[in-house]
Novice: 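Here it is, the structure, as C-alpha cells.
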Amino acid sequence: MMRAWLLPMLLVLSGSAVATGQIFKGGPGSAAALLLAFLALAGVNSPLIFPRSIGAREAQRRSAVDGRPVVYWRPGCRYCIRLRIRLGRSARQLHWVNIWHDPAAAAAVRAANDGSETVPTVVVAGRPHTNPDPEWVRGQLSPSA
C-alpha cells in the first residue's frame with residue numbers, strides 16, 4: 001500500500017519545494033498556483049481517488065464470480081481519471097487493476113489493444129472495451145451490485 005502513496009507524496013514534496021522557491025523570488029501568487037497544481041496532481045493519483053487495485057488474475061476470478069467489470073488503468077491517465085470521476089460511487093462496484101503494478105495486467109491490455117497499453121480498458125463478460133463512455137460502463141453494472 002505504501003507504493004500507492006509514493007507518487008502523490010513526491011508530487012506534494014516537489015510542489016512544496018517549487019512553491020517555496022517562488023516565494024523566495026517574491027512571487028507568492030505563482031507559488032500558490034503552482035502548489036495547487038501539484039496538490040491536484042497528487043490528489044488524482046492518490047489511492048483516495050481510485051479504489052484499491054488488485055491483481056489481474058484476482059480481478060478475473062472475482063469478475064467470473066460476481067459478473068462485475070474489470071477496469072485496467074494506470075496513474076496519471078486522464079481518461080482513467082475521467083472514468084473514475086464520472087462513475088462516482090459506482091466505481092467501487094468495479095474491479096480496478098493498475099497495469100503498472102501487474103505485468104499480467106499490462107499483457108492483458110496489450111493483447112486487447114493490438115500491442116498498445118491503452119487504458120482504461122474495461123472488460124465486461126470477457127470482452128475488452130477501450131476507453132468506453134462512463135455512462136455505458138455504469139449501465140453494465142447490475143442494479144443489485
Side-chain angles (χ1 to χ4, degrees), residues 1-23 29-145:
M1 185 62 178
M2 184 60 179
R3 287 179 61 187
W5 285 100
L6 185 59
L7 179 60
M9 287 188 321
L10 287 174
L11 287 167
V12 169
L13 291 173
S14 298
S16 299
V18 171
T20 301
Q22 286 295 315
I23 289 173
S30 62
L34 284 168
L35 184 57
L36 285 175
F38 274 91
L39 289 174
L41 282 172
V44 298
N45 285 291
S46 81
L48 298 174
I49 296 293
F50 287 95
R52 183 176 168 267
S53 285
I54 57 176
R57 288 183 180 81
E58 178 64 14
Q60 292 164 356
R61 185 193 68 73
R62 289 182 187 185
S63 180
V65 170
D66 61 21
R68 295 179 183 180
V70 175
V71 179
Y72 294 97
W73 71 284
R74 66 173 171 74
C77 167
R78 68 181 182 178
Y79 301 106
C80 298
I81 293 166
R82 176 189 74 120
L83 177 64
R84 169 58 188 99
I85 289 171
R86 294 221 8 233
L87 285 173
R89 290 179 183 231
S90 300
R92 293 181 183 162
Q93 297 176 18
L94 299 152
H95 301 294
W96 293 80
V97 181
N98 181 341
I99 68 167
W100 283 358
H101 288 166
D102 186 344
V109 170
R110 285 192 303 272
N113 294 296
D114 299 320
S116 174
E117 290 185 356
T118 306
V119 289
T121 297
V122 180
V123 178
V124 178
R127 187 161 175 237
H129 304 270
T130 304
N131 196 18
D133 181 83
E135 292 305 315
W136 179 85
V137 175
R138 185 178 284 116
Q140 303 308 302
L141 299 171
S142 70
S144 62

Novice: Looking at CG of N98 and SG of C80, how far apart are the two atoms once the value is rounded to the nearest 0.5 Å?
Specialist: 9.0 Å
Novice: Walk me through it: do V97 and E58 pass the test side-chain contact (heavy atoms from CB on, under 4.5 Å)?
Specialist: CA-CA 9 Å; V97 181; E58 178 64 14; over 6 Å; no
Novice: Find the distance between CG (L39) and CG (L11) and round it off to the nearest 0.5 Å.
Specialist: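 Atom-to-atom, L39:CG and L11:CG are 9.0 Å apart.
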Novice: Within the 4.5 Å heavy-atom criterion, are V109 and T130 side-chain neighbours or not?
Specialist: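 Of all side-chain heavy-atom pairs linking T130 with V109, none is under 4.5 Å.
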Novice: Ignoring hydrogens, what is the shortest heavy-atom contact between I99 and A106? Give both atom names and the distance.
Specialist: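 Smallest interatomic distance, heavy atoms only, reads O-CB, 3.7 Å.
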Novice: Does CZ in R57 sit with more than 12 non-hydrogen atoms of other residues, nucleotides or ligands closer than 6.0 Å?
Specialist: no
Novice: Using the side-chain hydrogen bond (donor to acceptor under 3.5 Å, both in side chains) definition, which of the options W73, Y72, W96 pairs with S53?
Specialist: W73
Novice: Quick check: closest heavy atoms across V70 and Q60, and the distance to 0.1 Å?
Specialist: CG2-N, 4.5 Å
Novice: Can any side-chain N or O of S14 pair as donor or acceptor with the backbone N or O of L10 at less than 3.5 Å?
Specialist: yes
Novice: For S30, enumerate each residue passing the side chain to side chain donor-acceptor pair (under 3.5 Å) test, keeping only those at least two apart in sequence or located in another chain.
Specialist: Q22
Novice: Has the side chain of T121 got a donor or acceptor atom that lies under 3.5 Å from a matching backbone atom of H129?
Specialist: no
Novice: Give a yes or no on whether the backbone of A56 and the side-chain of D102 come within a donor-acceptor separation of less than 3.5 Å.
Specialist: yes
Novice: Are the side chains of D66 and H95 in contact, using a 4.5 Å heavy-atom criterion?
Specialist: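 Yes, their side chains come closer than 4.5 Å.
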Novice: Any sub-3.5 Å donor-acceptor pair from R110's side-chain atoms to D114's backbone N or O?
Specialist: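 Side chain of R110 to backbone of D114: no pair is present.
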Novice: Check whether R138 reaches the backbone of L87 with its side chain - one donor and one acceptor, N or O, closer than 3.5 Å.
Specialist: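 Side chain of R138 to backbone of L87, a donor-acceptor pair under 3.5 Å: yes, one is there.
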Novice: Measure the CZ-CD distance between R74 and E117 for me, rounded to the nearest 0.5 Å.
Specialist: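 Those atoms lie 8.5 Å apart.
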Novice: What are the two closest non-hydrogen atoms of P69 and L141, and how far apart are they?
Specialist: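 Heavy atoms only, the tightest pair is CD-CD2, 3.7 Å.
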Novice: Looking only at heavy atoms, what is the nearest atom pair of P128 and G126, with distance?
Specialist: CD-O, 3.8 Å
Novice: Kindly indicate, with the supporting measurements, whether the criterion side-chain contact (heavy atoms from CB on, under 4.5 Å) is fulfilled by R86 and E135.
Specialist: CA-CA 8 Å; R86 294 221 8 233; E135 292 305 315; 4.1 Å; yes
Novice: Which atom names give the shortest non-hydrogen contact between P120 and Y79, and what distance separates them?
Specialist: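 Closest approach of P120 to Y79: CD-CB, 3.6 Å.
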Novice: Of the non-hydrogen atoms in L35 and A19, which two are nearest, and what is the gap between them?
Specialist: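 Closest approach of L35 to A19: CB-CB, 4.0 Å.
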